[in-house]
Amino acid sequence: MATPYAGPRKKARREECLGYEIRGWWAEEKADGCYVELRVGFDGRYTRIVDLVYRSGATVGRAAGCDLLGQCVNLAAGTVIAGELMVRTPAAARWQAEHGGVTGMVAFDLLAEGEHHAKEAARAAWPCATMERWPARDWTTAPMVWRRARLEQLVGDLDGPAARKIHLVEQRRFNLRPFFDEVVDRGGEGLVLKDPGAPVGEGMCKLKRHDTIDARVVQRIPGEGVVTLDWGGRQFTVSSPSFTTHTGDVVEVAHMGFYDAETWTPRHARIVGIREDLMLQ
């Protein structure tokens, strides 16, 4: 089933938080993993997670999805949930350490839901599951506030191993700027601002932290399109900018915080200019 991308495409700035809050927008913490769609199927006996699909349409392999693929869930076959698969980033590694070492998912949107009669076959495995009747539904055109309410019910009803592996993203309706500061202070990437009345794929802005540092170019690798930089004795690699740099140049690097307090490697770093005023003569 083709579904629209449920993540943000537009950007916002910290000073715009109050304006969005006055307009009634909500905020979610932006989980730092890999965007995926979790899809539930029925194997003739149980409902299980049968696929994890990246934004590109590629299927998540067994290595990355080992703790979720095949997992029994008390969700209807045909249910599709969007979220961040917590792999491949330092934030994901911290998340795994906090949740018993499992690879999990932080859910933030509901795209589709299957008919609940398919769950009846899973009653033996999930005796405490809520088995209310609910028709199959495409949720992509429903307002965000409706999707969030139903997603809270579905994730809240999870039990057993599934409840430890699938978590709901934190969301707030008020004090958005303090929420943003709280998230970045604890090492998070930022927020996603959402219009509660918007369908999937609309009415969203990502609000990430933006900082700059000055670093020195120590190596250029044109064939690979990357530049190695030194910042206070710490070296890291970024993509080559559109303008020419030379070994020894001092460059301004924009980034979105740091991956961790041990290496202090800038997150999502990119060269935005040359600091000629700081060049050593």
Side-chain angles (χ1 to χ4, degrees), residues 6-7 28-43 45-55 59-114 116 118-132 134 139 147-172 179 182-183 186-189 191-192 259-260:
E28 295 176 352
E29 180 172 358
K30 191 177 188 305
D32 188 10
C34 295
Y35 176 92
V36 296
E37 293 178 6
L38 179 153
R39 300 181 179 180
V40 179
F42 184 56
D43 66 1
R45 186 179 182 188
Y46 301 118
T47 50
R48 300 179 183 273
I49 299 171
V50 294
D51 272 317
L52 295 167
V53 181
Y54 292 119
R55 180 183 178 184
T59 300
V60 176
R62 284 283 169 184
C66 61
D67 291 326
L68 286 170
L69 290 169
Q71 173 66 58
C72 289
V73 287
N74 53 321
L75 298 170
T79 297
V80 182
I81 295 174
E84 292 279 315
L85 181 65
M86 301 309 288
V87 294
R88 299 182 181 174
T89 67
R94 292 194 296 271
W95 191 95
Q96 292 175 23
E98 293 170 1
H99 295 87
V102 300
T103 299
M105 174 184 178
V106 177
F108 57 72
D109 214 335
L110 177 63
L111 308 184
E113 188 175 3
H116 277 212
K119 292 165 60 178
E120 296 293 335
R123 185 180 294 275
W126 301 95
C128 298
T130 301
M131 290 295 182
E132 74 275 16
W134 196 279
W139 280 93
R147 303 194 310 272
R148 172 71 185 197
R150 185 58 183 155
L151 183 61
E152 288 179 355
Q153 290 178 338
L154 295 177
V155 174
D157 282 346
L158 292 174
D159 199 358
R164 296 194 295 271
K165 300 173 184 178
I166 303 173
H167 292 236
L168 191 66
V169 70
E170 183 179 0
Q171 186 181 75
R172 295 189 191 176
F179 183 30
E182 174 188 328
V183 168
R186 63 175 181 243
E189 190 174 8
L191 303 178
V192 176
Y259 283 115
D260 56 62

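Everything numeric here is computed off the predicted structure, so don't read it as measured data. The analysis underlying the following values was restricted to heavy atoms, covering all of them including side chains, and did not include hydrogens, waters or symmetry mates.
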Do the side chain of [X] and the main chain of [Y] share a donor and acceptor less than 3.5 angstrom apart?
X: T47; Y: L75; answer: yes
X: Y35; Y: A6; answer: yes
X: E84; Y: D32; answer: no

When rounded to the nearest 0.5 angstrom, what is the spacing between [atom1] in [X] and [atom2] in [Y]?
X: Q71; Y: L52; atom1: CD; atom2: CG; answer: 11.5 Å
X: N74; Y: L154; atom1: CG; atom2: CG; answer: 9.0 Å
X: K165; Y: L38; atom1: NZ; atom2: CG; answer: 11.5 Å
X: L110; Y: W139; atom1: CG; atom2: CH2; answer: 6.5 Å
X: L151; Y: F108; atom1: CG; atom2: CZ; answer: 10.0 Å

Checking [X] now: which residues fulfil salt bridge (Lys or Arg N to Asp or Glu O under 4.0 Å) with it, not counting sequence neighbours?
X: D43; result: R48
X: R55; result: none
X: E29; result: R186

Quiz item: Where do T79 and L111 land on the side-chain contact (heavy atoms from CB on, under 4.5 Å) test, with the steps shown first?
Solution: CA-CA 8 Å; T79 297; L111 308 184; over 6 Å; no
Quiz prompt | Salt-bridge contact R39-E37 (side-chain N to carboxylate O under 4.0 Å) | solution = yes
Grab the two heavy atoms, one from [X] and one from [Y], that are nearest each other, plus how far apart they are.
X: I166; Y: A107; answer: CG2-CB, 4.4 Å
X: A162; Y: V73; answer: CB-CG1, 3.8 Å
X: L85; Y: V60; answer: CD2-CG1, 3.8 Å
X: A112; Y: G78; answer: CB-O, 3.9 Å

Quiz prompt | Pairs meeting criterion side chain to side chain donor-acceptor pair (under 3.5 Å) with involvement of residues 91-110, two or more places apart | solution = D109-R147
Self-check item: Student check: side-chain heavy atoms of L191 and E28 closer than 4.5 Å
Solution: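 No. Closest side-chain heavy atoms not under 4.5 Å.
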Self-check item: T59 vs D51 side-chain heavy atoms within contact, under 4.5 Å
Solution: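 They are in contact (side-chain heavy atoms under 4.5 Å apart), so the answer is yes.
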Quiz item: side-chain contact (heavy atoms from CB on, under 4.5 Å) between M86 and V106: does it pass, once the steps are laid out?
Solution: CA-CA 7 Å; M86 301 309 288; V106 177; 3.9 Å; yes
Quiz item: Can L158 and R164 be said to form a side-chain contact (heavy atoms from CB on, under 4.5 Å), step by step?
Solution: CA-CA 9 Å; L158 292 174; R164 296 194 295 271; over 6 Å; no
Going by ring pair (Phe, Tyr, Trp, His ring centres under 6.0 Å), name the pairs with one or both residues in [range], residues two or more places apart or in two chains.
range: residues 60-94; value: none
range: residues 62-84; value: none
range: residues 70-91; value: none

Self-check item: Worked verdict on M105 versus I81 for side-chain contact (heavy atoms from CB on, under 4.5 Å)
Solution: CA-CA 10 Å; M105 174 184 178; I81 295 174; 3.9 Å; yes
Quiz prompt | Inter- and intrachain pairs under salt bridge (charged side-chain N to carboxylate O under 4.0 Å, His left out), touching residues 61-78, at least two apart | solution = none
Quiz item: Can you name the side-chain hydrogen bond (donor to acceptor under 3.5 Å, both in side chains) partners of R172, sequence neighbours left out?
Solution: E170, E182
